[in-house]
Amino acid sequence: MIIIGAFLLALGVGITAASLFATRVAVATTSQSVALVEDAPRGPGLAYRAFEPLLGSATRAMGALSPRGRLELTRKRLVYAGLE
């Protein structure tokens with residue numbers, strides 16, 4: 001069990017070191033970063049436009065289910081109960 005844990009830890013450290021090295025190399029070369037900025041899309045992509053209505057409805061649903069939404073509903077009910 002300890003051998004497997006040590007192996008997984010070494011694997012994680014190795015992957016982290018390799019990704020940091022790759023990031024350092026990518027940042028050091030200015031031609032890659034300039035090319036990325038020049039090739040940036042002008043507007044939202046097809047996937048964003050396709051999923052935007054779904055994400056909007058999911059956001060509204062989560063707003064109603066969130067604790068903040070419940071507290072707001074309770075506050076409104078208390079105000080309405082006080083008016084009657």
Side-chain angles (χ1 to χ4, degrees):
M1 189 70 115
I2 293 176
I3 294 173
I4 294 173
F7 176 73
L8 291 175
L9 178 67
L11 182 68
V13 169
I15 289 172
T16 304
S19 64
L20 286 175
F21 179 74
T23 304
R24 183 174 167 257
V25 170
V27 170
T29 59
T30 59
S31 63
Q32 288 180 353
S33 61
V34 171
L36 288 175
V37 171
E38 292 173 355
D39 295 338
R42 301 276 182 223
L46 178 65
Y48 176 78
R49 287 184 286 160
F51 286 112
E52 186 176 15
L54 178 67
L55 292 173
S57 62
T59 302
R60 286 189 298 276
M62 288 307 295
L65 296 175
S66 71
R68 182 178 177 192
R70 286 190 217 153
L71 288 174
E72 185 67 25
L73 182 61
T74 304
R75 186 189 63 78
K76 286 180 183 178
R77 286 181 182 164
L78 288 173
V79 168
Y80 290 142
L83 293 177
E84 292 180 356

Rounded to the nearest 0.5 Å, what separation is found between the CZ atom of Arg60 and the CG atom of Leu55? 10.5 Å

Linking Ile, Leu, Val, Met, Phe, Trp and Tyr by side-chain heavy atoms under 4.5 Å, what else ends up with Ile4? Phe7, Leu8

Around Ile3, counting heavy atoms of other residues, nucleotides and ligands shown, do more than 12 lie under 6.0 Å from its CD1? no

List the residues meeting side-chain contact (heavy atoms from CB on, under 4.5 Å) with Glu52, not counting sequence neighbours, and say none if there are none. Tyr48

side-chain contact (heavy atoms from CB on, under 4.5 Å) with Thr16: which residues, sequence neighbours excluded? Leu20

How does the hydrophobic cluster around Ile15 look, that is, which other residues are in it when side-chain heavy atoms under 4.5 Å mark a link? Leu11

Using salt bridge (charged side-chain N to carboxylate O under 4.0 Å, His left out) as the criterion, list what pairs up with Arg75, not counting sequence neighbours. Glu72

